Amino acid sequence: MTTDLSPTSSLETKSARRLLRLLREGAAPEAYQALLDACPAGERPCLGPLVDDALHVRAQLEERRRREDELAALYETAGDLSSLRDLEAVLQAIVRRARALLGTDVAYLMLHDAQRDDNYVRVTDGIRTDAFKRARLAMGAGLGGLVAKTAVPYNTSDYLNDQRFEHTVDDIVRPEGLIAIQGVPLKLGQKVIGVLFSANRSARPFCDHEVALLVSLANHAAIAIENATLFQEVQRAVDDLTEANGVIQAHSTSVEQAAALHERLTSIVLHGGGMADVAQNLAEVLGGSILVLDPGGRVMAAAGTDPVVERAQAGGALPEGSPAARAVHEACVLSAESRHTRRIPGAGTGASACATPIMAGTEVLGSLALVRGRLDASDVRSLERAALVTALMLLSERSVAEAEHRLRGEILEDLLGAPHRDLEGLRRRAALMGLDLARPHTVLAARCRGGGHRRAVADAATAFAGQVKGLAGEYRGDVIVLLPGDHAPAATARSLAGHLSRTVGDPVTVGGTAAAEGVDALVAAHREAAQCLGVLLALHRDGDGASPDELGIYGLLFSQAGREELHRFARRVIGPVLDYDERRGGELVRTLLSYFACDASLTRTAADLFVHVNTLYQRIDRVTALLGPEWRHGDHALQVHLALKVHSVLTAA
């Protein structure tokens with residue numbers, strides 16, 4: 001075998017060794033060019049082809065390393081994505097990986113909206129403007145819409161000037177500063193579920209391997225999205241099954257509780273129980289404290305050991321001091337206003353409150369409240385069922401009360417309305433109502449000015465009379481109370497007036513007469529009580545109670561003189577003033593009443609009438625012209641004052 005030891009062969013061998021060293025060291029392309037430039041001119045023709053071959057080998061090695069790095073990154077990405085179960089985390093990981101793998105300024109992902117048949121930006125990485133993050137693309141519009149419609153990757157190095165796309169979102173892309181954009185489809189089989197983008201804010205073209213890399217990432221991403229979606233659906237199904245199981249168990253417990261409660265409440269109704277029995281049984285079954293309130297918030301019944309309930313029962317209404325009391329009060333108020341059950345958490349107060357309205361059709365009869373440390377849905381349902389039974393009981397009590405109210409009115413009508421054709425029948429029917437006409441009775445007449453609150457006054461008077469087994473009812477616009485026995489009429493009238501006024505919230509005036517025995521005496525006593533009531537109202541003593549003996553001269557006059565005689569007296573003394581006011585619509589009578597009430601002080605009278613003192617002087621001069629100068633002095637002043645009072649009583653009665 002012959003060995004070639006020519007100078008040319010030796011030169012190639014040395015150059016090859018140098019080039020291999022550069023390849024091994026991973027030298028930059030400039031190092032190869034420097035080696036070629038450093039060799040003698042005569043050696044360059046021989047060394048040039050070797051350098052070209054070495055650079056080609058270097059490029060292949062670089063491409064292989066790049067591919068290995070990309071495959072390693074894709075493998076790592078696929079592993080990361082497969083480990084994620086939360087869809088939001090998967091989507092965020094996809095755009096972060098896309099941006100990192102391709103080294104772009106931004107990456108973002110659009111998903112397909114099947115209902116609107118368009119695509120919307122779902123997640124972004126590197127995007128700055130909010131408008132871009134909310135962008136939507138119609139199918140076929142823009143680069144993304146084209147990718148979604150054709151399922152083919154597209155890229156551009158100058159998006160705003162690229163005429164291949166329908167430019168519908170340039171006003172969103174331009175503020176973001178994106179120039180070079182590429183998008184690839186996210187596909188599950190043949191179905192495009194979205195588009196994955198990478199983009200730069202400079203005119204940098206995307207080469208084929210970058211497109212291929214983004215396509216590979218999109219394929220992994222589509223699978224990861226499907227897995228995460230399926231996992232979430234399975235998790236939701238498991239959660240739904242767990243919740244359904246909890247609901248079934250709670251429903252079973254609720255049914256058992258409801259059955260026990262229904263049995264107890266039914267027994268209460270059948271045995272004629274009342275609100276107190278309902279409250280006690282509810283407290284035992286539900287394990288809390290119960291309040292039954294009327295529409296005004298007053299306690300009708302209560303049971304339980306909660307301090308708020310005990311204070312409400314003692315005070316007759318809900319207290320408002322403690323946080324727990326405010327929670328109960330708020331729940332009751334909200335349930336009554338909205339006509340729906342309301343729950344108010346304890347918020348650290350130790351007691352939660354649940355209240356439901358007691359309804360009869362559209363009418364609110366009151367509210368039913370449960371106070372307990374912790375409340376659940378079964379408690380609410382049980383409370384609502386109890387509210388139905390409570391409504392039936394209240395309606396039944398109302399029906400009974402209305403029947404009794406009618407009977408009391410009929411008895412009073414027959415008793416006080418003369419003549420009495422069937423006295424024996426009247427006595428028998430009165431006895432059925434607990435009224436013994438053979439016994440003496442104190443008679444009281446009550447009225448709220450203007451006739452307001454008549455039914456409420458009658459109900460409150462019935463409760464008052466019931467304490468001594470008396471009778472109360474409506475008769476000719478007044479509420480009449482018959483109390484068996486000889487009660488002090490003045491004190492009893494004041495006591496009844498105070499009770500009725502507090503109950504209805506407005507002044508209720510009461511006139512009372514001494515005890516009377518027998519039907520005719522009761523009729524006469526009622527007449528005196530009603531007359532006393534009329535005088536009290538005429539004297540503006542609203543909310544007061546009195547007997548005729550306490551009315552002084554007014555009581556004496558009205559008990560012994562006829563009305564016609566009193567009219568003549570008033571007309572004789574102050575007739576010109578009355579005529580003047582009637583013709584002119586004047587204020588002379590009111591001015592004189594104020595004048596005497598203010599002890600003839602002109603300054604106080606002007607202030608009481610809210611008029612200027614000069615105006616008052618003019619009115620006084622007019623009275624003097626009508627009645628004469630002596631009306632302000634001595635006995636004449638007494639006569640005028642008395643006539644004014646008589647006129648006021650007669651016109652008001």
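These values consider heavy atoms only, across backbone and side chains, with no hydrogens, waters or symmetry-generated copies. All values derive from a computational prediction rather than experimental measurement.
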Colleague: May I ask you to test the Leu483-Phe464 pair for a side-chain heavy-atom distance under 4.5 Å?
Modeller: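 When only atoms from C-beta onward are counted, Phe464 and Leu483 do touch, with a gap below 4.5 Å.
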Colleague: Got a second to check how far Leu533's CG is from Leu444's CG, nearest 0.5 Å?
Modeller: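 Leu533 CG to Leu444 CG: 10.5 Å, rounded to 0.5 Å.
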Colleague: Within this structure, what is the CZ-OH distance for the pair Arg619 and Tyr595, rounded to the nearest 0.5 Å?
Modeller: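 It is 14.5 Å, given to the nearest 0.5 Å.
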Colleague: So, the side chain of His633 versus the backbone of Trp631: is there a donor-acceptor pair under 3.5 Å, distance only?
Modeller: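 No; zero donor-acceptor contacts below 3.5 Å.
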Colleague: Side-chain contact, heavy-atom cut-off 4.5 Å: Asp579 with Arg571?
Modeller: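 Side chain of Asp579 against side chain of Arg571, heavy atoms only: contact under 4.5 Å found.
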Colleague: Determine the minimum heavy-atom distance between Val510 and Ala446, stating which atoms define it.
Modeller: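 Minimum heavy-atom contact is CG2-CB, 3.8 Å.
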Colleague: Might you point out which heavy atoms bring Ala465 and Val481 nearest each other, and give the distance in Å?
Modeller: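 For Ala465 versus Val481, the nearest heavy atoms are CB-CG1, 4.0 Å.
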Colleague: Show, in sequence, the C-alpha distance, side-chain angles and deciding distance for Asp542 and Thr509, and conclude whether the side-chain hydrogen bond (donor to acceptor under 3.5 Å, both in side chains) test is met.
Modeller: CA-CA 5 Å; Asp542 296 47; Thr509 310; 4.8 Å; no
Colleague: Would you say Pro357 and Ser367 make side-chain contact, with heavy atoms under 4.5 Å?
Modeller: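 No; the side chains remain at least 4.5 Å from each other.
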Colleague: NE2 of His567 to CZ of Arg572: how many Å apart, nearest 0.5 Å?
Modeller: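 Rounded to the nearest 0.5 Å, the NE2-CZ separation comes to 13.5 Å.
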Colleague: Does the Thr591 side chain pair with the main chain of Glu587, one donor and one acceptor, at a distance under 3.5 Å?
Modeller: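 Yes; judged by distance alone, with no hydrogens or angles, the pair exists.
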Colleague: Salt bridge (Lys or Arg N to Asp or Glu O under 4.0 Å) between Asp459 and Arg454: does it pass, once the steps are laid out?
Modeller: CA-CA 9 Å; Asp459 291 341; Arg454 187 180 301 168; over 6 Å; no
Colleague: Apply the test side chain to side chain contact (heavy atoms under 4.5 Å, CB included) to residues Val292 and Val299: give CA-CA distance (whole Å), side-chain angles for both, the deciding distance (0.1 Å), then the verdict.
Modeller: CA-CA 6 Å; Val292 185; Val299 176; over 6 Å; no
Colleague: Which heavy atom of Glu550 sits nearest to which heavy atom of Arg541, and what is that distance?
Modeller: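 Between these two residues, the closest heavy atoms are O-NH1, 4.5 Å.
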Colleague: Before you tell me yes or no, could you show the steps for Leu482 and Ile480 under side chain to side chain contact (heavy atoms under 4.5 Å, CB included), namely the whole-Å CA-CA distance, both residues' side-chain angles and the distance that decides it to 0.1 Å?
Modeller: CA-CA 7 Å; Leu482 303 180; Ile480 306 303; 4.3 Å; yes
Colleague: Can any side-chain N or O of Thr503 pair as donor or acceptor with the backbone N or O of His499 at less than 3.5 Å?
Modeller: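 Checked: pair present.
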Colleague: Mind checking whether Leu626 and Arg622 have side chains closer than 4.5 Å, heavy atoms only?
Modeller: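 Heavy-atom side-chain distance check passes, below 4.5 Å.
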Colleague: If you apply the rule side chain to side chain contact (heavy atoms under 4.5 Å, CB included), what do you find for His526 with Leu522, and how did you get there?
Modeller: CA-CA 6 Å; His526 162 256; Leu522 283 174; over 6 Å; no
Colleague: Below 30° counts as parallel, above 60° as perpendicular, anything between as tilted: where do the rings of Phe596 and His641 land?
Modeller: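 Aromatic pair Phe596/His641 classed parallel.
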Colleague: State the CG-CG distance between Asp544 and Leu536, to the nearest 0.5 angstrom.
Modeller: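 With rounding to 0.5 Å, CG (Asp544) is 6.0 Å from CG (Leu536).
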Colleague: So, Asp581 side chain and Val589 main chain: donor-acceptor pair closer than 3.5 Å or not?
Modeller: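 The answer is yes, because a donor-acceptor pair under 3.5 Å joins these two groups.
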Colleague: Give, for atom CG of Leu642 and atom NE2 of His647, the distance between the pair rounded to the nearest 0.5 Å.
Modeller: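 Going from the CG atom of Leu642 to the NE2 atom of His647 covers 13.5 Å.
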Colleague: Checking side chain to side chain contact (heavy atoms under 4.5 Å, CB included) for the pair Val504/Leu500: CA distance, chi angles, key distance, verdict?
Modeller: CA-CA 6 Å; Val504 304; Leu500 298 179; 5.6 Å; no
Colleague: Quick check: are there more than 12 heavy atoms from other residues, nucleotides or ligands sitting under 6.0 Å from CZ of Arg632?
Modeller: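 Buried by this count: over 12 neighbours within 6.0 Å.
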Colleague: To the closest 0.5 Å, what do you measure between CG (Asp506) and CZ (Arg449)?
Modeller: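 These two atoms lie 12.0 Å from each other.
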Colleague: For Ile290 versus Ala283, what's the shortest heavy-atom pair and its separation?
Modeller: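 Heavy-atom minimum between the residues: CG1-N, 3.6 Å.
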Colleague: Do you know the tightest heavy-atom contact between Val573 and Gln639?
Modeller: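 Reported closest heavy-atom pair: CG1-O, 3.6 Å.
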Colleague: Report yes or no: does Thr513 contribute a side-chain atom to a donor-acceptor pair with the main-chain N or O of Ala525 at less than 3.5 Å?
Modeller: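 Yes, Thr513 side chain to Ala525 backbone: donor-acceptor pair under 3.5 Å.
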Colleague: Under a 4.5 Å cut-off applied to non-hydrogen side-chain atoms, are Pro629 and Thr624 in contact?
Modeller: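 A side-chain contact under 4.5 Å exists here.
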Colleague: For Leu537 and Arg447, work out which heavy atoms get closest and say how close.
Modeller: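 Shortest heavy-atom contact: CD1-NH1, 3.3 Å.
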Colleague: Backbone N or O of His487 within a donor-acceptor pair of the Thr492 side chain at under 3.5 Å?
Modeller: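 Flag not set: sc Thr492 to bb His487 has no pair under 3.5 Å.
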Colleague: What pairs with Asp599 under salt bridge (charged side-chain N to carboxylate O under 4.0 Å, His left out), at least two apart in sequence or on another chain?
Modeller: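 So Asp599 forms a salt bridge (charged side-chain N to carboxylate O under 4.0 Å, His left out) with Arg604.
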